[in-house]
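Numbers for residues simply follow the sequence, beginning at 1. When a ligand or atom number is given, it counts from 1 through the structure's own listing order.
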Amino acid sequence: MNSNTTAAILKDEVVPKSIAQKTHAEMPLLKRHSHNPILSREHWPYPINSVFNAGAVRLADGDTLLLCRVEDRRGISHLCAARSANGIDGWRIDPEPTLVANPREYPEEIWGIEDPRITYVPELEKYAVAYTSFARGGPGVSLALTKDFRSYERFGVIMPPEDKDAALLPRRINGYWAMIHRPVTTLGAHMWISFSPDLRHWGSHKVILEARRGGWWDANKIGLCSPPIETSKGWLTIYHGVRHTASGSIYRLGLALFDLERPDVCLQRGESWMFGPEAPYERTGDVNDVVFPCGQTIDADGNGINLYYGAADSCIALATGSINELLAWLEANPSSGDGIAR
Ligand code: BMA
(Lines give C-alpha, C1' and ligand atoms only; values in the text may rest on other atoms or scores of the structure.)
Protein backbone atom coordinates (compact mmCIF):
# COMPACT_ATOMS: atom_id res chain seq x y z
CA MET A 1 0.00 0.00 0.00
CA ASN A 2 1.58 3.32 -0.93
CA SER A 3 1.39 6.41 1.29
CA ASN A 4 -1.32 8.07 -0.88
CA THR A 5 -3.61 5.11 -0.38
CA THR A 6 -2.95 5.16 3.36
CA ALA A 7 -3.77 8.87 3.55
CA ALA A 8 -7.01 8.38 1.63
CA ILE A 9 -8.21 5.61 3.93
CA LEU A 10 -7.29 7.48 7.06
CA LYS A 11 -9.03 10.68 5.89
CA ASP A 12 -12.33 8.80 5.97
CA GLU A 13 -11.87 7.77 9.60
CA VAL A 14 -14.32 9.50 11.90
CA VAL A 15 -12.68 8.60 15.21
CA PRO A 16 -11.56 11.89 16.72
CA LYS A 17 -8.01 11.83 18.00
CA SER A 18 -5.78 14.40 19.61
CA ILE A 19 -2.69 15.43 17.70
CA ALA A 20 -0.59 13.27 19.98
CA GLN A 21 -2.62 10.17 19.21
CA LYS A 22 -2.70 10.58 15.45
CA THR A 23 -0.47 8.19 13.61
CA HIS A 24 2.41 9.59 11.60
CA ALA A 25 0.67 8.52 8.39
CA GLU A 26 -2.19 10.91 9.21
CA MET A 27 -0.11 13.79 10.43
CA PRO A 28 3.62 13.40 10.09
CA LEU A 29 5.47 14.52 13.19
CA LEU A 30 8.26 15.70 10.93
CA LYS A 31 7.40 17.42 7.66
CA ARG A 32 9.75 17.06 4.72
CA HIS A 33 10.83 20.41 3.28
CA SER A 34 9.58 21.14 -0.23
CA HIS A 35 13.16 22.00 -1.34
CA ASN A 36 14.44 18.52 -0.46
CA PRO A 37 17.07 17.38 -0.98
CA ILE A 38 18.58 20.67 0.13
CA LEU A 39 22.20 19.67 -0.57
CA SER A 40 23.66 17.13 -2.94
CA ARG A 41 26.84 16.57 -4.91
CA GLU A 42 25.67 18.92 -7.68
CA HIS A 43 26.08 21.82 -5.22
CA TRP A 44 29.67 20.96 -4.31
CA PRO A 45 32.54 23.26 -5.33
CA TYR A 46 34.90 20.29 -5.90
CA PRO A 47 34.36 16.77 -7.29
CA ILE A 48 32.82 14.35 -4.79
CA ASN A 49 30.75 11.19 -4.78
CA SER A 50 28.12 12.13 -2.22
CA VAL A 51 27.26 14.40 0.72
CA PHE A 52 25.12 13.23 3.66
CA ASN A 53 24.93 12.79 7.49
CA ALA A 54 25.68 16.38 8.57
CA GLY A 55 26.11 17.83 12.05
CA ALA A 56 24.15 21.07 12.46
CA VAL A 57 24.27 24.18 14.58
CA ARG A 58 22.91 27.72 14.57
CA LEU A 59 25.88 30.11 14.80
CA ALA A 60 25.95 33.31 16.87
CA ASP A 61 25.39 35.39 13.70
CA GLY A 62 22.17 33.48 12.98
CA ASP A 63 23.57 31.39 10.13
CA THR A 64 22.93 27.66 10.09
CA LEU A 65 26.15 25.67 9.74
CA LEU A 66 26.12 22.12 8.49
CA LEU A 67 29.28 20.09 8.95
CA CYS A 68 28.67 17.62 6.16
CA ARG A 69 30.07 14.17 5.68
CA VAL A 70 31.48 14.22 2.17
CA GLU A 71 32.53 10.99 0.49
CA ASP A 72 35.18 11.47 -2.16
CA ARG A 73 35.64 9.38 -5.25
CA ARG A 74 37.96 6.98 -3.47
CA GLY A 75 35.18 6.14 -1.00
CA ILE A 76 36.93 7.99 1.86
CA SER A 77 34.96 10.57 3.85
CA HIS A 78 35.97 14.00 5.19
CA LEU A 79 33.97 16.86 6.71
CA CYS A 80 33.08 20.08 4.92
CA ALA A 81 31.19 23.11 6.30
CA ALA A 82 28.25 24.76 4.53
CA ARG A 83 26.65 27.95 5.86
CA SER A 84 23.24 29.45 5.04
CA ALA A 85 21.23 32.41 6.36
CA ASN A 86 17.91 30.51 6.34
CA GLY A 87 19.12 26.93 6.75
CA ILE A 88 17.35 25.93 3.54
CA ASP A 89 19.16 27.38 0.54
CA GLY A 90 21.85 29.85 -0.46
CA TRP A 91 24.51 27.55 1.03
CA ARG A 92 28.05 28.91 1.11
CA ILE A 93 30.17 25.79 0.97
CA ASP A 94 33.82 25.82 2.00
CA PRO A 95 35.85 25.64 -1.24
CA GLU A 96 38.02 22.91 0.31
CA PRO A 97 37.44 20.20 2.90
CA THR A 98 37.07 21.66 6.41
CA LEU A 99 38.35 18.70 8.41
CA VAL A 100 40.18 15.83 6.75
CA ALA A 101 41.56 12.60 8.10
CA ASN A 102 45.13 12.94 9.29
CA PRO A 103 46.31 9.31 9.45
CA ARG A 104 49.95 10.28 10.06
CA GLU A 105 49.07 11.66 13.47
CA TYR A 106 45.79 9.79 13.90
CA PRO A 107 46.17 6.32 12.32
CA GLU A 108 42.64 5.50 13.45
CA GLU A 109 41.46 7.77 10.61
CA ILE A 110 43.17 5.97 7.75
CA TRP A 111 39.85 5.27 6.00
CA GLY A 112 38.34 8.65 6.74
CA ILE A 113 36.13 10.52 9.20
CA GLU A 114 32.33 10.38 9.21
CA ASP A 115 29.02 11.38 10.78
CA PRO A 116 29.82 14.42 13.00
CA ARG A 117 27.56 15.46 15.88
CA ILE A 118 28.03 19.03 17.12
CA THR A 119 27.32 20.24 20.67
CA TYR A 120 27.84 23.85 21.76
CA VAL A 121 29.45 23.78 25.21
CA PRO A 122 28.86 27.10 27.03
CA GLU A 123 31.44 26.34 29.75
CA LEU A 124 34.18 26.01 27.12
CA GLU A 125 32.71 28.57 24.72
CA LYS A 126 33.51 26.00 22.02
CA TYR A 127 31.74 23.49 19.85
CA ALA A 128 32.49 19.84 20.52
CA VAL A 129 32.46 17.68 17.39
CA ALA A 130 32.16 13.94 18.00
CA TYR A 131 32.79 11.97 14.82
CA THR A 132 33.50 8.47 13.59
CA SER A 133 37.10 7.68 12.70
CA PHE A 134 37.43 4.66 10.47
CA ALA A 135 40.40 2.29 10.22
CA ARG A 136 41.44 -1.35 10.18
CA GLY A 137 40.19 -1.92 13.71
CA GLY A 138 36.73 -0.71 12.69
CA PRO A 139 34.97 2.55 13.49
CA GLY A 140 35.78 4.45 16.70
CA VAL A 141 34.68 7.74 18.25
CA SER A 142 36.96 10.77 17.95
CA LEU A 143 36.50 14.23 19.43
CA ALA A 144 37.58 17.72 18.38
CA LEU A 145 36.84 21.17 19.76
CA THR A 146 36.47 24.29 17.64
CA LYS A 147 35.39 27.89 17.99
CA ASP A 148 34.92 28.66 14.30
CA PHE A 149 34.83 25.41 12.28
CA ARG A 150 38.10 26.51 10.67
CA SER A 151 40.70 25.36 13.20
CA TYR A 152 40.27 22.34 15.46
CA GLU A 153 41.82 21.00 18.64
CA ARG A 154 41.86 17.25 18.08
CA PHE A 155 41.61 14.79 20.95
CA GLY A 156 42.01 11.67 18.80
CA VAL A 157 40.08 8.49 19.60
CA ILE A 158 38.14 8.72 22.86
CA MET A 159 36.14 5.48 22.46
CA PRO A 160 38.03 2.63 20.74
CA PRO A 161 36.51 0.43 18.01
CA GLU A 162 33.93 -0.75 17.53
CA ASP A 163 32.02 2.35 18.52
CA LYS A 164 30.20 5.23 16.78
CA ASP A 165 27.04 7.43 16.87
CA ALA A 166 28.37 9.64 19.67
CA ALA A 167 27.43 13.09 20.96
CA LEU A 168 28.48 15.08 24.01
CA LEU A 169 25.84 16.55 26.33
CA PRO A 170 26.30 20.33 26.53
CA ARG A 171 26.96 20.62 30.25
CA ARG A 172 28.55 18.66 33.06
CA ILE A 173 26.25 16.48 35.11
CA ASN A 174 27.31 16.08 38.75
CA GLY A 175 30.68 17.47 37.72
CA TYR A 176 31.27 15.08 34.80
CA TRP A 177 30.96 15.42 31.05
CA ALA A 178 28.57 12.87 29.55
CA MET A 179 28.83 11.20 26.14
CA ILE A 180 26.24 8.97 24.52
CA HIS A 181 27.67 6.45 22.07
CA ARG A 182 27.08 3.05 20.47
CA PRO A 183 29.72 0.41 21.02
CA VAL A 184 29.21 -3.01 19.50
CA THR A 185 29.89 -5.69 22.08
CA THR A 186 28.94 -9.30 22.59
CA LEU A 187 25.81 -7.86 24.24
CA GLY A 188 24.77 -6.33 20.91
CA ALA A 189 24.61 -2.84 19.37
CA HIS A 190 22.99 -0.78 22.12
CA MET A 191 23.27 2.84 23.24
CA TRP A 192 25.60 3.57 26.15
CA ILE A 193 26.57 6.60 28.24
CA SER A 194 30.03 7.31 29.65
CA PHE A 195 31.34 10.06 31.90
CA SER A 196 34.60 12.01 32.01
CA PRO A 197 36.25 14.66 34.20
CA ASP A 198 38.30 16.11 31.30
CA LEU A 199 36.82 14.90 27.97
CA ARG A 200 39.84 12.56 27.56
CA HIS A 201 39.37 9.83 30.14
CA TRP A 202 36.01 8.06 30.10
CA GLY A 203 34.41 5.68 32.57
CA SER A 204 31.23 4.74 34.47
CA HIS A 205 30.01 3.14 31.23
CA LYS A 206 26.39 2.06 31.21
CA VAL A 207 23.84 0.77 28.69
CA ILE A 208 20.97 3.28 28.45
CA LEU A 209 18.85 1.95 25.59
CA GLU A 210 18.85 -1.56 24.17
CA ALA A 211 18.05 -2.60 20.64
CA ARG A 212 14.89 -4.70 20.65
CA ARG A 213 14.85 -8.10 19.03
CA GLY A 214 12.96 -10.19 16.52
CA GLY A 215 10.70 -8.37 14.12
CA TRP A 216 10.86 -4.95 15.77
CA TRP A 217 11.71 -1.88 13.67
CA ASP A 218 14.66 -1.25 16.00
CA ALA A 219 15.77 -4.85 16.37
CA ASN A 220 19.43 -5.73 16.90
CA LYS A 221 21.02 -2.36 16.14
CA ILE A 222 20.23 1.15 17.35
CA GLY A 223 22.26 4.36 17.66
CA LEU A 224 22.00 8.01 18.64
CA CYS A 225 21.07 10.36 15.82
CA SER A 226 21.39 14.09 16.54
CA PRO A 227 22.58 15.32 19.97
CA PRO A 228 19.88 15.02 22.70
CA ILE A 229 17.70 18.12 23.17
CA GLU A 230 17.35 19.50 26.71
CA THR A 231 13.63 20.03 27.51
CA SER A 232 11.78 20.56 30.80
CA LYS A 233 10.71 16.89 30.64
CA GLY A 234 14.16 15.43 30.00
CA TRP A 235 16.70 14.89 27.23
CA LEU A 236 14.61 14.32 24.11
CA THR A 237 16.60 11.90 22.00
CA ILE A 238 16.14 10.84 18.40
CA TYR A 239 17.67 7.45 17.69
CA HIS A 240 17.85 5.22 14.65
CA GLY A 241 16.72 1.63 14.52
CA VAL A 242 18.02 -0.74 11.88
CA ARG A 243 15.73 -3.42 10.56
CA HIS A 244 17.55 -6.12 8.61
CA THR A 245 15.55 -7.53 5.71
CA ALA A 246 16.24 -9.92 2.86
CA SER A 247 16.89 -6.95 0.58
CA GLY A 248 19.04 -4.91 2.97
CA SER A 249 18.62 -2.69 6.03
CA ILE A 250 15.97 -0.03 6.71
CA TYR A 251 17.10 2.92 8.88
CA ARG A 252 14.16 4.56 10.70
CA LEU A 253 13.88 7.07 13.56
CA GLY A 254 12.38 6.70 17.01
CA LEU A 255 12.22 8.79 20.18
CA ALA A 256 13.34 8.30 23.77
CA LEU A 257 13.46 10.59 26.80
CA PHE A 258 16.21 10.51 29.45
CA ASP A 259 16.23 12.06 32.91
CA LEU A 260 17.82 15.53 32.96
CA GLU A 261 20.12 14.91 35.90
CA ARG A 262 20.38 11.12 35.42
CA PRO A 263 20.81 10.81 31.64
CA ASP A 264 21.53 7.11 32.17
CA VAL A 265 17.86 6.66 33.13
CA CYS A 266 15.37 6.21 30.27
CA LEU A 267 12.01 7.76 31.20
CA GLN A 268 10.12 6.99 28.00
CA ARG A 269 10.66 5.14 24.75
CA GLY A 270 8.37 5.28 21.74
CA GLU A 271 6.73 2.07 20.61
CA SER A 272 6.93 2.61 16.87
CA TRP A 273 9.19 4.59 14.60
CA MET A 274 8.14 8.16 13.89
CA PHE A 275 9.98 8.82 10.62
CA GLY A 276 11.29 6.47 7.96
CA PRO A 277 12.37 6.37 4.33
CA GLU A 278 9.42 7.20 2.05
CA ALA A 279 10.51 9.93 -0.38
CA PRO A 280 12.37 8.79 -3.53
CA TYR A 281 15.64 10.44 -2.37
CA GLU A 282 15.42 8.46 0.90
CA ARG A 283 14.49 5.16 -0.73
CA THR A 284 17.08 5.15 -3.52
CA GLY A 285 20.74 6.14 -3.47
CA ASP A 286 24.14 4.66 -2.69
CA VAL A 287 22.52 2.89 0.27
CA ASN A 288 18.78 2.50 -0.16
CA ASP A 289 16.20 3.13 2.57
CA VAL A 290 18.21 5.28 4.94
CA VAL A 291 17.28 8.41 6.89
CA PHE A 292 20.19 9.38 9.15
CA PRO A 293 20.09 12.70 11.04
CA CYS A 294 23.27 13.89 12.79
CA GLY A 295 22.05 17.37 13.74
CA GLN A 296 19.25 19.82 14.25
CA THR A 297 18.68 23.48 14.96
CA ILE A 298 16.00 24.80 17.30
CA ASP A 299 13.99 27.93 16.47
CA ALA A 300 14.05 31.04 18.68
CA ASP A 301 10.67 30.00 20.18
CA GLY A 302 12.38 26.94 21.69
CA ASN A 303 9.83 24.69 19.97
CA GLY A 304 10.46 24.53 16.22
CA ILE A 305 12.97 21.86 15.25
CA ASN A 306 14.83 21.66 11.95
CA LEU A 307 16.23 18.17 11.55
CA TYR A 308 18.97 17.68 8.97
CA TYR A 309 19.38 14.12 7.78
CA GLY A 310 21.38 12.15 5.29
CA ALA A 311 19.11 10.43 2.79
CA ALA A 312 20.15 7.11 1.24
CA ASP A 313 23.82 7.99 1.94
CA SER A 314 23.62 10.32 -1.07
CA CYS A 315 22.25 13.75 -0.14
CA ILE A 316 21.07 15.97 2.74
CA ALA A 317 17.40 16.66 3.46
CA LEU A 318 15.49 18.75 5.99
CA ALA A 319 12.39 17.90 8.01
CA THR A 320 10.70 20.32 10.40
CA GLY A 321 8.50 19.77 13.43
CA SER A 322 7.66 20.82 16.97
CA ILE A 323 9.45 19.66 20.12
CA ASN A 324 6.18 19.88 22.07
CA GLU A 325 4.48 17.60 19.55
CA LEU A 326 7.37 15.12 19.67
CA LEU A 327 7.10 15.03 23.48
CA ALA A 328 3.30 14.66 23.32
CA TRP A 329 3.61 11.82 20.80
CA LEU A 330 6.16 10.06 22.98
CA GLU A 331 3.84 10.26 25.96
CA ALA A 332 0.87 8.99 23.94
CA ASN A 333 2.83 6.15 22.30
CA PRO A 334 4.88 4.62 25.11
CA SER A 335 6.72 1.37 24.79
CA SER A 336 5.06 -1.41 26.67
CA GLY A 337 8.50 -2.56 27.82
CA ASP A 338 10.78 0.47 28.05
CA GLY A 339 14.39 -0.40 27.41
CA ILE A 340 13.72 -4.11 27.48
CA ALA A 341 14.88 -6.14 24.52
CA ARG A 342 12.19 -8.61 23.68
C1 BMA B 1 25.65 3.43 9.42
C2 BMA B 1 26.62 4.60 9.35
C3 BMA B 1 26.04 5.75 8.56
C4 BMA B 1 25.34 5.31 7.30
C5 BMA B 1 24.41 4.14 7.57
C6 BMA B 1 23.75 3.59 6.31
O7 BMA B 1 26.28 2.31 9.97
O8 BMA B 1 27.80 4.16 8.74
O9 BMA B 1 27.08 6.61 8.22
O10 BMA B 1 24.57 6.39 6.82
O11 BMA B 1 25.17 3.10 8.16
O12 BMA B 1 24.71 3.18 5.38
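- Proximity of Asn53 to ligand 1, defined as any heavy-atom pair under 4.0 Å, is confined to the side chain (atoms from C-beta onward).
- Each of the following atoms of ligand 1 lies closer than 4.0 Å to a heavy atom of Phe292: 3 (C), 10 (O).
- Here Glu105 does not pair with Arg154 in a salt bridge; the nearest charged N to carboxylate O distance is not below 4.0 Å.
- The shortest N or O to N or O distance between Glu114 and ligand 1 is not below 3.5 Å.
- By the 3.5 Å distance cut-off applied to N or O atoms, Lys221 is not counted among the residues near ligand 1.
- Every atom of ligand 1 is numbered from 1 in the order shown, and the set under 4.0 Å from a heavy atom of Asp115 is 2 (C), 3 (C), 9 (O).
- Among all non-hydrogen protein atoms, the one lying nearest atom 8 (O) of ligand 1 is Lys164 NZ, 3.1 Å.
- With hydrogens left out, the protein atom closest to atom 11 (O) of ligand 1 is Tyr251 OH, 3.1 Å, a heavy atom.
- Nearest non-hydrogen protein atom to atom 10 (O) of ligand 1 is Asp313 OD1, 2.6 Å.
- With hydrogens and angles disregarded, a donor-acceptor distance shorter than 3.5 Å links the side chain of Asp72 to the backbone of Gly75.
- A donor-acceptor contact under 3.5 angstrom links the side chains of His205 and Ser194, judged on distance only.
- Using modelled atom types, one finds no donor on one side chain facing an acceptor on the other under 3.5 Å when comparing Thr132 with Arg69.
- The salt bridge (charged side-chain N to carboxylate O under 4.0 Å, His left out) with Arg83 is formed by just one residue from the set Asp63, Asp94, Asp89, Asp61; it is Asp94.
- Checking Arg269 against Ser335 by side-chain atom types alone, no donor-acceptor pair falls below 3.5 Å.
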